[in-house]
Trainee: 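Before I ask anything, here is the structure I am working with.
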Amino acid sequence: MDTFLGRYKNLIVLAAILFAQIIALAVQVRRPAQEGETRLIRLWAISAVTPIEKGVVHSQEWVQSLFTNYAYLRGVRRENRQLKAEIERMKIDQARFDEDARMARRIQALIAFKEQYVDSTVAAQVIGTSGSEQSRVLYIDKGSDDGIKTDMAVITPTGIVGKVVQVFPDASQVLPINDQFSGVGAALKDSRLQGILKGAPNGATTLQYVMSDEKVVPGEEVITSGGDRIFPKGLPVGKVASVEPGKDLFLNIRVVPSSRLDQLEEVLVVTKITEKLPDAKDLGPLRASDILAERLPSVPKTEVDAAGNAKPGATPGTAAGTAGTHPPATTPGTHPPTGTAATHPANGTASTKPPAAGTTTNKPAATTTPRTTVPGATGTGGAVKPKPVKPPSASPTTSNPNPGTDSGGDVSRPAPRQAAPAPETAPSTAPEQSTTPPAGPPQL
Amino acid sequence: MSTRVMPFRGSLTSREQVSVYEFSWLAIIFIPLIAVLIQIFIPVKVRFLPIIDLPFMVTIFFATARRNPISGCITGCIIGVMQDLFAGPNHPLGMYGIALTIIGFLASSLGLKIDVENPGSRFLITYIFFVIHQGVYYGVAHGLLREGLQWSWSHTAISALANAVIGIFVFRFLDRFKQR
């Protein structure tokens, strides 16, 4: 026996170590950690390592800034000229965008279209990765001490990055959108086709569950659909790189993310999303065309009662308005060209569809027929079932009327608005959402 | 410095004896730790670094230098589990552990039989063991855990080549910590 053990000692030790690890694997597979739960050994390891990483990253930045600040100063005059020219160009664009935004807000206010704003964000630094090709998780230097919670969206100015999956006191783990376990509700910007953006083991991102009979053009932008209840609607995701027929009647759409996921250094964690109706009070003066439209005999006049409900006036067309099926326009000049208000009389008095009261189930008026197949995006990469829904017709526009406020070192930035989505599943802990009850119909 | 020599059993080299190196406790603790730290930190700055597997190289280095299969197994197991700890919530502990345990055992067993001191043999060892490492990892992920990993020969070959080239320099650097 001793001879046997002595002779095969090495193999026995190898077999014992392997057996122990396989048993450990089996236990983990049988009893996986719950959502947001961290195994103690991981917590210890990450808590021990993150201060070192933070120290290295911050000291490296400090040294780097010493050199780069001087280099920046040398080219600052030329850059200043370029920036001024760019500002002039952007002012012209801004004027046009402002006008579009006002019009969009008037339409949104008419149909009680709720918007979501990225109210506050926390800037964080990427301090580490998983270190392997099979897992693409990132570590950021902000944790529960800074108000970070699981399932919060992580973005950059150029596009979305991922979501927080584990939170430690002074660090968090982020699951990027190109990880194989990631899933994000996404939509094509122009065609409004919706699907789920999923990662792959090789780091590629594909938009899945778009029917193969749809036409998708390479180069088309992909934005968040808001269906996962993690990312606000309309944030840039990436661009379509290639479209191939996939299996099971779906297209295989490869997407190049807008954010450079392999070179991330600073990110923003969305800590608060505010949801409210657009404020239509300060939309600026009426245009001449609005006044003209008011005087046209074909446009019925609408009164607003004390309760805030829009009443069709005693003008031709009242009967139709009170029937609730074709309410008149509330405000001159705000007639949606395709009959948007007519199909959704959100604020009509005798309408069959009363105004929504503080819920997130308001759907934007659908001016197009449903032509998309939308799986319920889970945001967690779970199995999803395709489900046809109506795409929103009133898409978000450019400017945010209510930019977020800074608080306690938070960084706020405006974000595109979102129509209230109707997802199949919601994350266990979504970012904090404050819902403002809808006001009466806006005085335009 | 003390030298310990071990007779070859079925040696494939012309040498009759091979040195068994030892390391200080500091080196044994901190070299793997720093390798794992670099592995999780550097890809933030250098985008191609996930291809380079420093903990894998350290495992081979310790295993071939100490030439003891049992210590090779244990070193590989510890380094692999350390790598697993940082690989994310969806990555079960033990996947890298199993792969590096086997690599540690094979490398130390091979170190008993051939000369692993010159750059040529180090290049070959690193190249071949990297392919085996990837194969074991894929086998564990696909066979035991049913994860949908995709095996790519070209990617594995390129990664193995990169690791083998970098490994020559890493081993040369780590040679400084050897104690005869």
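Every chain is numbered from 1, with letters handed out A, B, ... down the list of sequences. Worth saying up front: this structure is predicted, and the values here are computed from it rather than measured.
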Trainee: In Å, rounded to the nearest 0.5 Å, how long is the span from NZ of A/Lys54 to CZ of B/Phe41?
Mentor: 14.0 Å
Trainee: So which atom in A/Arg42 and which in B/Leu93 form the shortest heavy-atom distance, rounded to 0.1 Å?
Mentor: NH2-CD2, 3.7 Å
Trainee: Is it the side chain or the backbone of B/Ser159 that comes within 4.5 Å of chain A heavy atoms, both, or neither?
Mentor: side chain
Trainee: Could you tell me which portion of B/Ile98 (side chain, backbone, both or neither) has an atom closer than 4.5 angstrom to a non-hydrogen atom of chain A?
Mentor: both
Trainee: What part of B/Val36 gets closer than 4.5 Å to chain A, counting heavy atoms only: side chain, backbone, both or neither?
Mentor: neither
Trainee: Taking A/Thr129 for the side chain and B/Ile40 for the main chain, is one N or O donor matched with an acceptor at less than 3.5 Å?
Mentor: yes
Trainee: For each of B/Gly94, B/Pro92, B/Pro55, tally heavy-atom pairs with chain A at distances under 4.5 Å, and name the one with the top tally.
Mentor: B/Pro92
Trainee: Can you list the steps and then say if B/Val140 with A/Leu25 is a side chain to side chain contact (heavy atoms under 4.5 Å, CB included)?
Mentor: CA-CA 10 Å; B/Val140 171; A/Leu25 270 181; 3.7 Å; yes
Trainee: Could you tell me the separation between the CD1 atom of B/Ile74 and the CD1 atom of A/Ile17, rounded to the nearest 0.5 Å?
Mentor: 5.0 Å
Trainee: I need the B/His91 NE2 to A/Asp179 CG distance, nearest 0.5 Å.
Mentor: 11.5 Å
Trainee: Considering only heavy atoms, which portion of A/Leu264 lies under 4.5 Å from any heavy atom of chain B: side chain, backbone, both, or neither?
Mentor: backbone
Trainee: Taking all atoms of both residues into account, what is the closest heavy-atom pair of A/Leu11 and B/Phe105, and its distance?
Mentor: CD2-CZ, 3.6 Å
Trainee: Pick one of side chain, backbone, both or neither for A/Ile12, based on which atoms fall under 4.5 Å of a heavy atom in chain B.
Mentor: neither
Trainee: Just give me the residue among A/Val57, A/Val137, A/Val13, A/Leu14 that pairs up with chain B most often, heavy atom to heavy atom, under 4.5 Å.
Mentor: A/Leu14
Trainee: By a 4.5 Å heavy-atom criterion (distance strictly below it), what part of A/Ile22 contacts chain B: side chain, backbone, both, or neither?
Mentor: both
Trainee: When rounded to the nearest 0.5 angstrom, what distance separates OG in A/Ser130 from CG in B/Asp84?
Mentor: 10.5 Å
Trainee: Looking only at heavy atoms, what is the nearest atom pair of A/Tyr139 and B/Phe86, with distance?
Mentor: OH-O, 3.0 Å
Trainee: Is there a side-chain contact between A/Leu18 and B/Ile102 in this structure, where contact means two heavy atoms from C-beta onward sitting under 4.5 Å apart?
Mentor: yes
Trainee: Do B/Cys77 and A/Gln21 come within less than 4.5 Å of each other through their side chains, counting heavy atoms only?
Mentor: yes
